[in-house]
Amino acid sequence: MTDFDLKHTLECGQSFRWQRFNGWYYGVVGGRLLKIRQEDGTLIIESSADESDAELETFLHHYLDLNRDLPTILRQVDIDDYIHLAIETFWGMRVLNQELWECLASFILSQNNNVPRIKGIIRILSARFGESLTLDDQVDYSFPPPEVLAEAGVDALFDCRMGYRAPYLWEAAASITAGKFDMDNLKCLPYVEAKQELIQFKGIGEKVADCVCLFSLGHIEALPIDVWIKRIVEQIYLKRQATIREIREFAQSYFGEYLGYAQQYLFHYARVIGFNTPGR
DNA sequence: TTCCAGGAGAGAG
DNA sequence: CTCTCTCATGGA
């Protein structure tokens, strides 16, 4: 395994489920609690589930997006000094393929919210409605499926401190439980159609739909435009205020088909390092 | 105290 | 179509 960095991949704000402890990353994926550590080119993994190494490896290869040719992608978007620094700094960071329902639900909760608090809400939600999983002395909880949250009711969700987003999450859970929305079909649709379907949910707009397309459905051309991406494009590239549409049109023509990957490097770099363009 | 966060819906114009 | 106001929460 090459061109992969576990730390950057799990800490760049695309997933809300991983936490570092004693040099390991613990997280729940696919109903199992995992602990992972990277030593140079190899990953050391333990699972709470009773499964074969081959099974786990296949799952993780897809989840961590290891099947994609990262150098080719990064070479293609490495076209100016600022993103070059981002790529250099976070080389090996990959865009995850997260589970659809958890990703959709998580990003409904993400609107007008910050990463630490999103993580907190998801932790409460999982602890209250998920199933307990144990690995070593660590305990965590699976993400509750739609039918469990639909059954729980809006008030119970509101008690998880998610504020006005509670009815959005509940309606999505109820609609999926009632069979009004086909999650498997969504995985088969091309980017533009998948995004269009996602926007039908109350509480999912263009930005959250793009997050689901990028972080779960494998559409690496998707561009979620949040306050950070808006600031980056305005300050670093356009050097003026711009509308969401202008930002999208610029970014698509500038970065091309791997826009989603470019976006994640820019997002993480701006948040962690800042907006200073390399003096030259 | 006010501002901000991986925004979106409702209403006005 | 675009612009503005509002929404619950907690940390800075």
Per-nt protein contacts along nucleotides 6-13 of chain B (heavy atom under 4.0 Å; B base, S backbone sugar-phosphate only, - none) come out as BBSS----
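Rounded to whole angstrom, the span from the CD1 atom of A:Ile121 across to the P atom of C:dC7 amounts to 18 Å. Rounded to whole Å, the distance from CZ on A:Arg117 to P on C:dT9 is 8 Å. The distance between atom CD of A:Glu246 and atom C1' of C:dT2, rounded to the nearest whole Å, is 13 Å.
Across A:Tyr82, A:Phe275, A:Trp228, a single residue satisfies ring pair (Phe, Tyr, Trp, His ring centres under 6.0 Å) together with A:Tyr269, and that is A:Tyr82.
The aromatic rings of A:Tyr191 and A:His219 sit tilted, their planes meeting at an angle between 30° and 60°.
Figure legend: cation-pi geometry between A:Arg165 and A:Phe158 absent, as NZ or CZ is not positioned both under 6.0 Å from the six-membered ring centre and within 45° of its axis.
Of the N and O atoms on the side chains of A:Tyr168 and A:Gln111, not one donor lies less than 3.5 Å from an acceptor on the other residue. In summary, the side chains of A:Thr134 and A:Gln138 do not present any donor paired with an acceptor at a separation below 3.5 Å, with no hydrogens or angles considered.
Across B:dG6 and C:dC5, the matching P atoms stand 24 Å from one another, rounded to whole Å. C:dA8 and B:dC4 have their C1' atoms separated by 14 Å, given to the nearest Å.
Between A:Arg231 and B:dA5 there is a side-chain polar atom (N or O) within less than 4.0 angstrom of OP1 or OP2.
Here side-chain hydrogen bond (donor to acceptor under 3.5 Å, both in side chains) pairs that include residues 90-106 of chain A, with residues two or more places apart or in two chains, are A:Asp3-A:Trp91, A:Arg17-A:Glu102, A:Asp65-A:Asn97.
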